[in-house]
**Student:** 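The structure follows.
A, B, ... follow the sequence lines: proteins, then strands. Residue 1 opens every chain.
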Amino acid sequence: MVRISFIILIVLVFCILSCDFFMASAFPDYLPSVRRVENLDTYFSNSSKYNYDLFVLSDGPPPGGNDYVFVLYKPATGTRRVIVLDDELHVRSDYEHINLGSLHTQYSGGPVLAAIGSRRMSLDGTYTWDINDINAELISERDNIIIYNNNRASFYSVSIINNEYCNWYEYPAALAGGAGPSQFQIDDLGENFTIEAVGYAINNENPPNTADDEVIFFIRRERDNEGIAIVIPAADFANIPAGNQPVLPMAPYYIHFFGAIKPGSVHIFRWGRVVVFERMDGEVELIEYDPTFRFMHRNETNGKQFKNKIVAYSNVYPEYYVFDPETKEIFQCHVWWEK
Amino acid sequence: MILKKCRRIVCFFIFLLILFFTGDVLFAQGYTAIPNQVSVFLDVRMKTEADNRSYNTILAKNAAIELQNKGYITVPGGELARILPDIEVPAQGAPSSAVIKSLSDQAREQMSKYICLVRYIAEGELVGFSVYFWRLDSGLLVSYTTKDIVGLAVYNRMNKAVSLFVDKVGEGRPATIAGGEEGGPKQYVKEVIVYSSDEGCEIWLKDREKLGTIKDGKLILPYMPLTVGSTLLIQKKKQGCYSAEEELKLTQIKNEINLMPLERIFGSGLYFTWTSGQFVGLGVGYMWSINERFVYWGAENYFFLQVNDTENMNPVIHDDIRGFILTKFRFSEGFPVTFSFSSGLGVILSLLSIDDAPVYMDLYLNPLNFHLEYALGDYMVFLRVEYKIAMGLGRNLLGSGLIAFAEGVPLFTIGVITKW
């Protein structure tokens with residue numbers, strides 16, 4: 001009787017310990033996917049474990065494109081610092097300036113640069129910094145993203161979006177004192193939205209036809225954290241829609257609803273074709289779109305492995321980067337959705 | 001005429017007188033005994049009154065059982081000291097005729113056919129045990145005398161004496177149960193054999209005396225007047241093991257019972273472990289006692305691989321090394337479940353399977369582990385809940401804080417210890 005109960009106990013314990021819940025490791029799940037690692041403690045040894053940002057920019061599409069990895073430390077006061085690494089995690093630039101802010105520029109068909117606050121670095125392999133020629137006063141913080149569109153830079157102001165309108169500025173005209181913001185309405189239901197991410201999707205046609213390029217707004221409805229992707233033909237921003245009609249649910253714009261997402265968790269990369277975000281249940285979800293920006297497939301992974309870490313995805317290669325602000329380790333990992 | 005009448009009256013009175021004094025002889029009924037009834041008398045003289053009372057009871061019951069098993073009815077005759085207060089009965093030698101006559105008178109009143117006298121008299125370190133059987137109409141049948149040490153050998157001796165008696169007179173008719181109940185007599189346990197893997201283990205009657213020692217894996221318990229369906233509480237003692245009690249259920253006339261193994265006193269032990277979230281691995285450790293039975297030192301090494309299901313995955317090698325002190329708590333000696341608390345510190349070395357990978361060291365404090373243990377003879381299985389706090393020193397992977405495999409849930413470990 002005792003032996004039988006002992007056997008039952010062992011089987012029970014084993015069944016419990018076989019559940020996924022108990023199989024999760026104390027070490028982050030991405031470690032077996034690591035390709036390269038670098039320690040940045042010598043650069044951030046006197047820094048706290050807060051106020052970091054991580055982003056990856058590319059100087060061109062594959063196969064020739066290269067990644068530039070930016071690790072930015074931006075305390076509330078004092079000098080800010082950015083470390084730039086190449087895609088082999090060699091530190092190529094160590095730059096300090098009080099006016100370093102957040103990333104403002106992504107790649108498009110025009111000149112490629114990283115504008116960080118009032119400073120910018122050309123993605124030309126020289127790793128040199130100069131003054132951002134875009135008026136820094138118009139660019140406050142994180143969500144003001146500039147998109148190059150046929151040699152025009154356009155950006156939006158996130159503070160206005162909460163009144164269900166998106167302000168769209170056109171560079172250089174607006175900065176030169178020219179035309180003010182154009183505005184388009186998201187919906188007419190009185191809802192408030194926040195822009196989580198913006199992407200510029202290139203239709204990879206041969207020969208390239210920029211007229212088919214698209215702009216993707218990934219917004220979050222504040223009432224219920226619903227994530228919504230709105231795709232607008234890039235050409236429409238040359239002539240902003242009249243604003244008489246709300247974008248949602250107007251055709252021909254494509255709209256996709258994702259359910260409740262965590263604020264600040266959205267990444268758009270691969271030339272606007274891939275979106276990664278974190279759901280409210282802690283799972284990280286990936287959505288991949290076909291060239292017509294229609295939903296293709298999805299994948300997901302345990303988001304808890306990224307807790308207290310910062311993640312950024314490569315546009316060029318099947319890689320992503322994880323920076324741990326506490327240990328100051330940066331990892332280059334093979335993407336988790338390729339099994 | 002008158003003289004003739006007086007003579008007749010006087011003769012009549014004389015006749016009455018003669019009748020008065022001799023009537024019990026002339027007119028006595030013939031003695032009709034119950035043919036299978038035995039009056040049992042006792043003569044117990046131990047060193048203390050308490051022992052006298054105790055052995056009076058034991059011997060009375062023992063004799064009754066033995067005789068009843070052979071189909072005889074027994075009636076208690078009483079103790080010699082009370083029946084014959086005025087007769088000095090020597091401790092040695094057969095009872096005198098005066099004693100026998102007194103016992104016979106009593107037995108006759110009880111309508112018994114036989115008398116049984118059991119004598120149990122201490123003689124220094126030994127005890128003289130004697131059993132006598134008489135038949136009232138013919139005299140002594142059995143005289144059985146031995147000398148033994150005080151103990152339960154008396155049960156065997158009684159059995160022998162009764163066997164001699166039965167050999168002489170045969171078995172009696174099946175006795176009827178008092179109260180007119182239908183059915184046969186009560187069944188008594190004749191044999192109890194216990195089997196045990198604890199060679200050399202002593203078996204004791206609880207708080208009383210030793211029944212024997214396990215030899216070649218078994219022990220035949222000495223005869224005890226126990227009925228079928230009763231239980232017997234024994235103690236098991238063996239050097240190097242925790243003593244334990246066990247209740248034996250005697251369900252048959254002949255019983256063969258496997259005893260539970262004794263738990264070895266845990267002086268030191270080698271053990272193996274498996275930890276949640278680290279199942280592609282194995283731990284080995286060693287513990288040894290500081291304070292016998294309660295406090296232990298220990299060292300442990302757990303080696304495991306970390307894998308995932310992505311393409312081109314490179315396993316990460318982890319090695320967890322730690323030392324600890326453990327304190328054990330027992331509910332009671334012999335109870336197989338114990339629980340323990342332990343504390344210590346350690347380090348987890350980690351190596352990524354890539355070129356130029358550094359060796360990461362996650363130093364941690366281990367302020368508290370809780371163990372639940374179950375003893376199985378020379379082995380013990382346990383479940384351990386671990387609280388480890390990473391210190392975030394040096395080049396590490398975990399930073400600082402609780403080391404857990406899920407949101408705040410500590411690590412679980414199962415293991416087995418082999419005791420030495």
Side-chain angles (χ1 to χ4, degrees), chain A residues 1-3 5-7 9-14 16-41 49 88-89 282 299 301-305 307-309 318-320 322 324-329 331-339, chain B residues 260-261 274-280 304-318 320 336 348 350 352-358 360 362 364 372 374-376 379 381 383 386 388 390 392 394-407 409-414 416:
Chain A
M1 184 64 175
V2 171
R3 288 203 175 89
S5 55
F6 163 67
I7 291 170
L9 174 68
I10 291 298
V11 170
L12 188 65
V13 168
F14 206 79
I16 290 171
L17 295 177
S18 298
C19 293
D20 287 344
F21 180 71
F22 289 88
M23 288 300 293
S25 172
F27 288 87
D29 290 348
Y30 56 78
L31 285 180
S33 303
V34 171
R35 296 286 176 270
R36 293 184 177 85
V37 61
E38 183 62 39
N39 181 270
L40 301 180
D41 191 58
K49 58 181 181 180
E88 291 184 353
L89 291 187
N299 212 319
T301 189
N302 171 23
K304 291 184 177 59
Q305 62 182 307
K307 186 179 177 185
N308 300 326
K309 317 275 192 304
E319 290 162 354
Y320 66 100
V322 179
D324 186 339
E326 186 173 357
T327 64
K328 309 296 190 292
E329 298 276 330
F331 302 93
Q332 182 190 74
C333 306
H334 189 76
V335 291
W336 47 262
W337 54 88
E338 289 186 5
K339 307 285 186 191
Chain B
M260 292 284 295
W274 252 359
T275 298
S276 58
Q278 300 170 181
F279 269 93
V280 187
F304 64 103
L305 297 179
Q306 183 185 359
V307 297
N308 64 26
D309 59 354
T310 58
E311 193 176 297
N312 300 324
M313 176 270 300
N314 296 315
V316 181
I317 300 167
H318 298 285
D320 185 346
I348 304 175
S350 302
L352 304 177
S353 301
I354 57 175
D355 294 336
D356 301 323
Y360 293 96
D362 283 275
Y364 63 85
L372 188 63
Y374 188 90
L376 290 168
Y379 299 91
V381 292
L383 175 68
E386 306 174 356
K388 296 178 179 176
R395 192 160 182 184
N396 63 88
L397 287 171
L398 296 173
S400 60
L402 178 69
I403 300 177
F405 70 93
E407 197 68 39
V409 179
L411 300 174
F412 288 81
T413 293
I414 56 174
V416 60

**Student:** Please state whether the side chain, the backbone, both or neither of Ile348(B) comes within less than 4.5 Å of a heavy atom of chain A.
**Tutor:** side chain
**Student:** Which region of Asn39(A), side chain (C-beta onward) or backbone (N, CA, C, O), has a non-hydrogen atom less than 4.5 Å from a non-hydrogen atom of chain B, or is it both or neither?
**Tutor:** both
**Student:** To the nearest 0.5 Å, what is the distance between CG on Asn302(A) and CG on Asn308(B)?
**Tutor:** 11.5 Å
**Student:** Please indicate whether Asp356(B) has more than 12 foreign heavy atoms, meaning atoms of other residues, nucleotides or ligands, lying under 6.0 Å from its CG.
**Tutor:** no
**Student:** When you measure from the side chain of Glu326(A) to the backbone N and O of Ser400(B), does any donor-acceptor pair fall under 3.5 Å?
**Tutor:** yes
**Student:** Could you pull out the closest heavy-atom pair between Val37(A) and Ile354(B), with the gap in Å?
**Tutor:** CG1-CD1, 4.1 Å
**Student:** Walk me through whether Asp41(A) and Arg395(B) qualify under side-chain contact (heavy atoms from CB on, under 4.5 Å).
**Tutor:** CA-CA 9 Å; Asp41(A) 191 58; Arg395(B) 192 160 182 184; over 6 Å; no
**Student:** List the atom of Thr310(B), the atom of Ser33(A), and the distance in Å for their closest heavy-atom pair.
**Tutor:** OG1-OG, 2.9 Å
**Student:** Which bit of Lys328(A) is near chain B, if near means a heavy-atom gap under 4.5 Å: side chain, backbone, both or neither?
**Tutor:** neither
**Student:** Can you tell which of Asp355(B), Leu397(B), Leu402(B) has the highest number of heavy-atom pairs within less than 4.5 Å of chain A?
**Tutor:** Leu397(B)
**Student:** I need the Asp29(A) CG to Asp309(B) CG distance, nearest 0.5 Å.
**Tutor:** 9.0 Å
**Student:** Does Asn396(B) offer a backbone N or O that forms a donor-acceptor pair with the side chain of Glu329(A) under 3.5 Å?
**Tutor:** no
**Student:** What part of Arg36(A) is in contact with chain B, defined as an atom under 4.5 angstrom from a non-hydrogen atom: side chain, backbone, both or neither?
**Tutor:** backbone
**Student:** Please rank Trp336(A), Trp337(A), Phe27(A) by heavy-atom pairs under 4.5 Å with chain B and give me the top one.
**Tutor:** Phe27(A)
**Student:** With sequence neighbours left out, what residues match Glu38(A) under salt bridge (charged side-chain N to carboxylate O under 4.0 Å, His left out)?
**Tutor:** none
**Student:** Looking at Asn314(B), Thr275(B), Val316(B), Val307(B), which makes the most heavy-atom pairs under 4.5 Å with chain A?
**Tutor:** Asn314(B)
